[in-house]
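Remember, it's 1-based here, ligands and their atoms both numbered in the order they're listed.
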Amino acid sequence: MTLHVHPDIAALSPYVPGKPIEELQRELGLSRVIKLASNENPLGPSPKALAVINECAATLHRYPDGGAFKLRQALAHRWKVTDEQIILGNGSDEILGLLARTFLSPGDEAVMADHTFVIYHMEVMAAHGKAVTVPLKDWRHDVAAMASAITDRTRLVFLCNPNNPTGTMVSAEEVAWLLGRVPDHVVVVFDEAYFEYVRSSEFPDSMAWIKEGRHVIVLRTFSKIYGLAGLRIGYGVTTGEIANLLNRVRPPFNANSIAQRAALAALDDDEHVARSRAVNQAGMEQIANGLRALGLAPINSEANFVYVDVGRDGRYVFDAMLRHGVIVRHIEGRMIRVTIGQAEENRVFLAALAQVLQQGEQG
Ligand SMILES: *Cc1c(COP(=O)(O)O)cnc(C)c1O
């Protein structure tokens, strides 16, 4: 052992992403592979974004605009805040890291659900903080237990809304209750990666809390409904003070020039967003009904994926589904997360799952 590794880093394992389509095609020699593992938009990128990408090509020898002037202005206009309140990230993932590095000293605490986006835990550990995990209640964030977990050492509270991997939502009322109990030294992080898919009228207007002067940051992304996951661009809306602090640790060119240009175009593509929502809603009904027809009980989801107990080892089901050319996500135990696809993809998924579950019974 010659390397001296910080014990917090040694204790981490690398993030395991959804299996890439090409990898499965290579491994199993399959021609058709359907990936419903990473909550990507099955319709593809916003066409408006695709149309402008070539514009950037001729100036790729230049560094991006480190201040991302145009995109930040457009986002500020959209959310009725000032551009000093917008921070961009190489995906909103990166902003989670900036938050941990900015606010956590060794031993400081970050409160999060025990069953949520795994990056929170990773980034808190990597910043030498302490992750305080609070069990979900009926697959939902338990805001009362989260409030009780806050101490003098708490610096961050992560609220994934809708929650990944469960798809469940915390209501405006619950958020108001929670914020009534969060002391001012704590930054509340609303990770709203699936915001544009939400249909419930009880979903909180989390940005209103920023306008109230609360220490809140709302994270959104171009990776999900806008269909630009491969470009890596997300953003945070927060107070000018918090944005200024995060900008001190932000790598200066973290939002690349193609991503900035494409995101700007995608932001105005209301048609693509509306179509994506409609396809998701129809697909959600198709998949939820199909799962129920198989005797399963999918958890109600406000996002573009659904979480379900498949009644047997989820790893077995995941592997068996791969042999049918369908990539889903095994989260833990008997739980599988499946992204809503287009109608034909959903049909193939349901047919494959029916076979896998039937075989599982015989074998
Ligand atoms: C997909 C996702 C993100 C966004 O990731 P990007 O880095 O913007 O691609 C953030 N939070 C959650 C909970 C997600 O599921």
Passes ring-ring contact (aromatic ring centres under 6.0 Å, His included), Phe103 versus His215? Steps please.
CA-CA 12 Å; Phe103 291 106; His215 291 144; 8.5 Å; no
Is there a heavy atom in Glu94 that sits closer than 4.0 Å to ligand 1?
no
Can a non-hydrogen atom of Ala229 be found less than 4.0 Å from any atom of ligand 1?
no
Of the protein's non-hydrogen atoms, which lies at the shortest distance from [atom], and what is that distance?
| atom | result |
| --- | --- |
| atom 15 (O) of ligand 1 | Tyr194 OH, 2.6 Å |
| atom 1 (C) of ligand 1 | Lys224 NZ, 1.2 Å |
| atom 9 (O) of ligand 1 | Ser223 OG, 2.6 Å |
| atom 11 (N) of ligand 1 | Asp191 OD2, 2.6 Å |
| atom 4 (C) of ligand 1 | Ser92 OG, 3.1 Å |

Check this for me, if you would: do Arg315 and Asp319 make a salt bridge, where the nitrogen-to-carboxylate-oxygen distance has to be below 4.0 angstrom?
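Counted as a salt bridge, because a side-chain N and a carboxylate O are separated by less than 4.0 Å.
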Tell me yes or no: between the side chains of Ser257 and Gln260, is some donor less than 3.5 Å from an acceptor?
no
Backbone or side chain, does any N or O of Asp93 fall under 3.5 Å from an N or O of ligand 1?
yes
Subset of ligand 1 atoms that lie under 4.0 Å from at least one heavy atom of Cys160:
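By the 4.0 Å cutoff, the relevant atoms are 13 (C).
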